[in-house]
Amino acid sequence: MDIQAMLQRAYDYGITYIDKGVVANYIPELAKEDKTRVGGAVVDTDGSVYTVGSDQYQFSIQSIVKIIIYLCVLEHYDFDYIQKFIGVKPSAKPFNSILALELSEKNIPVNPFINAGAIVGTSLLFRKYGNNTFEMILKRTQELIGNDKIDYSRSIFNSESSSAFSNRALTYMLLNGKIISPDVNVDDLLNVYFKSCSILVNVADLAQLSFILSRDGKDSAGKQRCNAEHARILRTIMATCGTYDYSGEFAIQIGIPAKSGVGGGIVTASRAGYGIGVYCPGLDAHGNSYVGTRMLEVIAKELSLNIY
Ligand code: DON
């Protein structure tokens, strides 16, 4: 398989959908992104990296960091204990739904990839790391991706922190439901979550993360960057919850675990050993990159990745 040519075909097909995507504007800084900017990266099974389009462009990781936050939670607490705070059920409601939290059993967020679930995950890490929680998450992100230059965007962080009304509402509901400990400072907690969402990556960084998840935690040199069982749990939740209330359609059309972010990135996972990341900031109604999803249709088909 000529991966470079395959990526180009995915790009050429994806860009025919550019008009359909809408850039996120509930975080004002994200509204400045150019929805015609498209990129993709594949790490081949031997570790070689192929890219197409805007491969150097750095965008905010947004909800893709929920994979890393939940991994850190798995690394510090037993899975059974975590279930008392965050479930693993798919959601038919949007990622920031207040109604979903209100309807959930015992006020427990249904999964770690909706905002409420990631905020609770952050609070569990905050218990252990306090004011160093963000530094720990950033360091873990750098280690997983294998890039110690990874940093966060101050402007996106400030923009989200001054506009995140639904996340504040969710956090107060979680305090009310006793899912988050009452002694936590809400601003400190949310600042960790917002900074984490503002971490800047490019498509090759996403493809490296995908590579690790797809190979039970091992990098191309055979080094274990995360536990194999944790990688398996993350792939499973990506398959069932990674593209939110679009996860069913995504499973039918693409057929691989994936996690999207409103910054426009999508990271995937498979058992075939490739790493794949795509980017375009125009989103569908569920918060998933429109062009990115279409590119993944081609990539998954041509690399025969569909797991169903
Ligand atoms: O909390 C938020 O709303 C954003 N920082 C992240 C949401 C997000 O990326 C949803 N993904 N598609």
Side-chain angles (χ1 to χ4, degrees), residues 21-31 33 35 59-70 86 90-98 100-101 109-123 134 137-138 141 152-174 180 186-187 189-201 206 209 237-238 240-247 249-250 254 257-268 277-293 296:
V22 180
V23 174
N25 60 11
Y26 73 98
I27 300 172
E29 197 66 14
L30 293 186
E33 296 289 347
K35 77 169 187 176
F59 49 91
S60 56
I61 194 167
Q62 295 298 339
S63 283
I64 297 169
V65 82
K66 292 168 179 169
I67 296 176
I68 297 165
I69 291 174
Y70 193 63
I86 312 167
S91 175
K93 298 277 183 296
F95 61 81
N96 55 0
S97 173
I98 289 181
L101 186 58
V110 285
N111 70 62
F113 292 168
I114 55 168
N115 289 6
I119 292 168
V120 173
T122 307
S123 81
F134 174 66
I137 294 170
L138 180 62
T141 305
Y152 75 102
S153 159
R154 275 67 180 168
S155 56
I156 295 175
F157 161 65
N158 287 325
S159 178
E160 179 160 15
S161 133
S162 52
S163 60
F165 307 115
S166 70
N167 282 329
R168 281 180 205 282
L170 289 168
T171 306
Y172 281 105
M173 285 178 66
L174 291 162
I180 290 181
V186 169
D187 285 320
L189 172 66
L190 282 176
N191 282 345
V192 173
Y193 170 73
F194 299 145
K195 280 185 187 170
S196 304
C197 291
S198 306
I199 288 174
L200 293 171
V201 289
L206 289 187
L209 176 61
I237 309 176
M238 287 166 75
T240 51
C241 313
T243 48
Y244 306 107
D245 43 334
Y246 188 71
S247 297
E249 285 97 327
F250 193 94
I254 325 289
K259 179 81 206 80
S260 63
V262 289
I266 307 179
V267 68
T268 67
V278 290
Y279 168 74
C280 178
L283 309 176
D284 67 14
H286 312 276
N288 308 308
S289 172
Y290 206 109
V291 169
T293 305
L296 289 176

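One-based numbering, in listed order, for ligands and for the atoms of each.
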Would you indicate whether Y172, at its atom OH, is surrounded by more than 12 heavy atoms from other residues, nucleotides or ligands within a distance under 6.0 Å? no
Side-chain donor/acceptor of T171 to backbone N/O of N167, under 3.5 Å: yes
Quick one: ring pair (Phe, Tyr, Trp, His ring centres under 6.0 Å) partners of Y152, sequence neighbours excluded? F134
The criterion is ring pair (Phe, Tyr, Trp, His ring centres under 6.0 Å); which residues satisfy it with Y244, sequence neighbours excluded? F95
Quick one: side-chain hydrogen bond (donor to acceptor under 3.5 Å, both in side chains) partners of Y70, sequence neighbours excluded? none
At less than 4.0 angstrom from any atom of ligand 1, which residues have a non-hydrogen atom? List them by chain and residue number. Y26, Q62, S63, F95, N115, E160, N167, Y193, C197, Y244, S260, G261, V262, G287
Looking at F157, is K195 sitting on its ring face, NZ or CZ under 6.0 Å from the six-membered ring centre and within 45 degrees of the normal? yes
